[in-house]
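One structure is given here, and the rest of the page talks about it.
Throughout, protein chains are lettered first and strands after them, A, B, ... in sequence-line order, and every chain is numbered starting at 1.
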Number of protein chains: 2
Amino acid sequence: MGGEAGKRPVTIREVAERAGVSISTVSHALSGRRPISAATTARVREAAAELGYDPNPNARSLRTGRSGLVGLILRPRYAVAGTPDRAETFNRLVGSIATEMLRRKTGLIHVPDLHDPAVASVPMDGCIVAHPYGGDTALAELVGRGLPVVTVEEDPEQPDLPWAVRLDYPPVVEALLDHLHDQGARDVLLLSGTEDNAWNRRPRETYLAWCERRALPPRTALLSEGLTPGDVPELVQPLLSGPDRPDAIVVATSDFAPLIAESAAAQGLRVPDDLLLAALTDSEHARTSIPPITAMDLTHEALAERAVELMLARLSGAETPDRPVFLTPELRLRESTQRRK
Amino acid sequence: MGGEAGKRPVTIREVAERAGVSISTVSHALSGRRPISAATTARVREAAAELGYDPNPNARSLRTGRSGLVGLILRPRYAVAGTPDRAETFNRLVGSIATEMLRRKTGLIHVPDLHDPAVASVPMDGCIVAHPYGGDTALAELVGRGLPVVTVEEDPEQPDLPWAVRLDYPPVVEALLDHLHDQGARDVLLLSGTEDNAWNRRPRETYLAWCERRALPPRTALLSEGLTPGDVPELVQPLLSGPDRPDAIVVATSDFAPLIAESAAAQGLRVPDDLLLAALTDSEHARTSIPPITAMDLTHEALAERAVELMLARLSGAETPDRPVFLTPELRLRESTQRRK
DNA sequence: CTGAAAGCGCTAACAC
DNA sequence: GTGTTAGCGCTTTCAG
């Protein structure tokens with residue numbers, strides 16, 4: 001207790017002096033890494049407590065080569081730049097990872113900027129990279145440094161890196177498309193995001209394959225995740241007008257789904273009667289929109305739990321697994337894809 | 001690129017050898033902290049790039065005494081132990097702080113456990129402590145170490161510490177109580193949480209003062225934030241039965257509000273007709289409950305922004321402010337307190 | 001069971 | 001403009 005801000009921290013040397021022993025004895029008494037007599041240990045502990053000694057983590061890490069800290073890098077640009085609304089996905093993943101790390105009593109560092117030399121680099125023993133891009137540069141950089149990395153979702157160019165937690169999109173996306181087809185959709189438009197990550201790539205691949213199998217012409221377009229809500233209607237408007245308008249839309253970014261529903265309404269199209277609508281991530285917007293919008297829940301809490309587990313296993317020297325961990329997203333069917341009979 | 005995991009990191013010494021200069025020249029060429037000829041600088045940069053040199057952050061911090069990292073400690077127990085549902089508040093604050101720190105290009109560390117000696121301590125230049133308890137031990141510990149601390153909400157026992165972002169509860173809680181009174185409530189029950197922090201203390205104080213001013217008998221009870229949803233109904237049931245049941249309830253934890261509405265319904269009481277209901281923090285549960293529940297939004301995004309701003313100012317040597325920063329929570333009036341005429 | 005001393009990689013005085 | 005060197009605080013040999 002007590003003590004004013006800015007005062008010099010207590011060092012091991014001071015503890016040693018006070019306890020009347022050498023600094024190595026202090027180190028060993030406190031760490032228990034070699035036998036020290038009970039009496040000495042007690043004296044050292046007492047001195048340390050009285051002085052309020054707290055070992056300097058930098059000195060320790062410099063010596064041992066480990067910091068006990070894990071880094072976290074969230075790749076998608078919009079995660080940081082996005083509006084508060086858009087932040088839900090980000091918050092959910094970050095919050096889950098932080099919670100899981102706290103449970104495991106390991107510090108987590110949000111890595112500010114790997115490439116900017118003006119930004120101090122970060123003392124981490126390993127790093128979780130979430131939603132890497134295809135051929136991700138940050139990922140390559142870390143791996144190049146020899147740092148143990150675990151990814152949340154795979155780098156789509158390196159899908160088989162074993163230290164990863166992946167989402168198994170195909171069955172879920174197919175289930176969604178089949179559902180739309182069952183509801184009568186014959187002209188499904190896919191609006192992907194522009195970030196080149198697994199979340200945009202895999203569902204698109206599945207969609208194209210599905211269209212081919214069903215002998216339906218694929219229709220795709222892009223809608224950047226970074227758009228402001230105000231931009232969406234005018235981009236979507238043209239897609240909804242004309243005789244060849246789609247009868248179903250699957251949009252990646254769920255925050256845009258309600259805006260699409262509104263645009264449709266402005267053209268006299270009702271959801272789900274005239275247009276089926278689904279999103280590839282879940283959010284409050286999707287749930288509370290009227291009508292509620294069918295969405296794929298990426299189960300961030302589960303992703304976080306497994307990623308942390310994998311990272312800590314890797315740091316404890318576990319064997320390289322044969323393949324990534326696969327999790328299945330949850331399809332949340334709601335009114336927006338349920339045609340009233 | 002390239003390079004396999006586990007290989008020894010490149011040190012400044014190797015860069016110096018490769019560039020054919022001394023290590024101090026490398027240091028200065030890279031940091032620009034003293035004039036080095038353009039030719040030498042170029043050679044050094046090239047050598048560093050070829051080798052994939054990344055300065056060891058521990059060595060640097062040990063030397064300079066600063067890590068460029070800020071810690072974050074979230075005090076409420078339920079923040080970590082809570083259910084995924086309860087995590088919304090936590091996620092929102094953590095996500096906002098992380099986002100804000102990333103914008104400011106400063107690393108953020110979630111501090112795992114300050115007291116557990118088995119947990120490595122953390123190299124932080126300062127620490128944000130969110131929602132401290134009355135006479136908070138972690139806060140005292142950090143201050144005792146001389147570490148610059150900024151709090152999100154105040155330690156209720158030390159309300160005047162200037163390095164804090166506080167919420168100005170009284171006017172908002174009064175507005176809520178007045179609103180309930182306007183809607184006919186004459187017997188308002190306050191269900192506080194059990195965490196001894198500002199969020200529980202301040203509204204309670206305001207409530208008691210308000211009751212006295214209105215000459216109404218105060219009625220309060222506790223409902224721990226850590227309860228599982230299943231526990232709530234049986235605890236609330238007795239409060240809702242009998243002739244002296246309240247005609248309005250203000251419950252701190254917003255996740256419990258819908259459960260209280262259900263308990264009321266089970267006893268034949270409708271919200272808002274027979275019972276007004278409001279919560280002291282906002283959440284998806286409150287917004288999407290039927291009816292939607294009036295709640296106080298703690299504006300975590302704003303809290304985060306100001307706290308980060310304050311911390312970085314403090315670390316840059318800004319003067320101690322005269323008083324804490326005050327923010328006003330937002331009252332979200334919804335159907336649960338709107339009596340149908 | 002305890003002490004002395006090397007050295008982790010870096011920055012900043014201090015020479016030249 | 002560049003090199004040499006001390007030393008940040010700790011853990012860990014190596015001696016005793």
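Set against D/dC8, D/dG3, D/dT13, the side chain of B/Ser22 has D/dG3 as its closest nucleotide. Comparing C/dT2, C/dT11, C/dC8 against the side chain of B/Ser27 picks out C/dT11 as the nearest. Nearest nucleotide to the side chain of B/Val21, out of D/dT13, D/dG3, C/dT11: D/dG3. The side chain of B/Ser37 sits closest to D/dT2 out of D/dT2, D/dC14, D/dC10. Side-chain atoms of A/Ile12 lie closest to D/dT11 of the nucleotides C/dC10, D/dT12, D/dT11. Distances were taken from every side-chain heavy atom of B/Thr25 (C-beta onward) to each of D/dT2, C/dG9, D/dT13; the shortest belongs to D/dT2. Nearest to the side-chain atoms of B/Ser24 among the listed nucleotides C/dT11, D/dG9, D/dT4 stands D/dT4. The side chain of B/Arg63 lies closest to D/dA6, out of D/dC10, D/dA6, D/dG9. Listed nucleotides: D/dC10, C/dG3, D/dT12. Nearest to the side chain of A/Thr11: D/dC10.
The nearest heavy atom of DNA chain D to A/Pro9 and to A/Arg66 marks one nucleotide each, and the one closer to the 5' end goes with A/Pro9. Position along DNA chain C of the nearest nucleotide to B/Asn58 versus B/Arg33 favours B/Asn58 as the more 5'-ward residue.
The distance from atom NE2 of B/His28 to atom P of C/dT11 is 8 Å, rounded to the nearest whole Å. As a whole-Å value, the separation of B/Ile36 CD1 from D/dT2 C1' is 6 Å. The separation between B/Ile23 atom CD1 and C/dC14 atom P is 18 Å, rounded to whole Å. Distance, B/Arg60 CZ to C/dC8 C1': 16 Å, rounded to whole Å. If you measure from atom CG of A/Asn56 to atom P of C/dG9, you get 17 Å, rounded to the nearest angstrom. Taking atom CD of residue A/Glu14 and atom P of nucleotide D/dC8, one finds them 12 Å apart after rounding to whole Å. The separation between A/Arg34 atom CZ and D/dT13 atom P is 11 Å, rounded to whole Å. In this entry the distance linking CZ of B/Arg43 with P of D/dT2 reads 8 Å, nearest Å.
At the heavy-atom level, B/Pro55 lies under 4.0 Å from the strands shown only through sugar-phosphate atoms. Within the nucleic acid shown, A/Thr40 comes within 4.0 Å of sugar-phosphate atoms alone, with no base atom in reach, counting heavy atoms only.
Looking at A/Arg103 and A/Glu100, a side-chain N of the basic residue comes within less than 4.0 Å of a carboxylate O on the acidic one, giving a salt bridge. The residues A/Glu157 and A/Arg201 are annotated as salt-bridged, a charged nitrogen and a carboxylate oxygen being separated by less than 4.0 angstrom. Residues B/Glu14 and B/Arg8 are paired through a salt bridge, judged by an N-O separation under 4.0 Å between the basic side chain and the carboxylate.
Panel note: side chain A/Ser316, backbone A/Ala318; no donor-acceptor pair is recorded below 3.5 Å.
Ring geometry for B/His300 versus B/His131: interplanar angle over 60°, hence perpendicular rather than tilted (30 to 60°).
Interatomic distance, CD1 of B/Ile109 versus CG of B/Asp125, reported as 9.0 Å (0.5 Å rounding).
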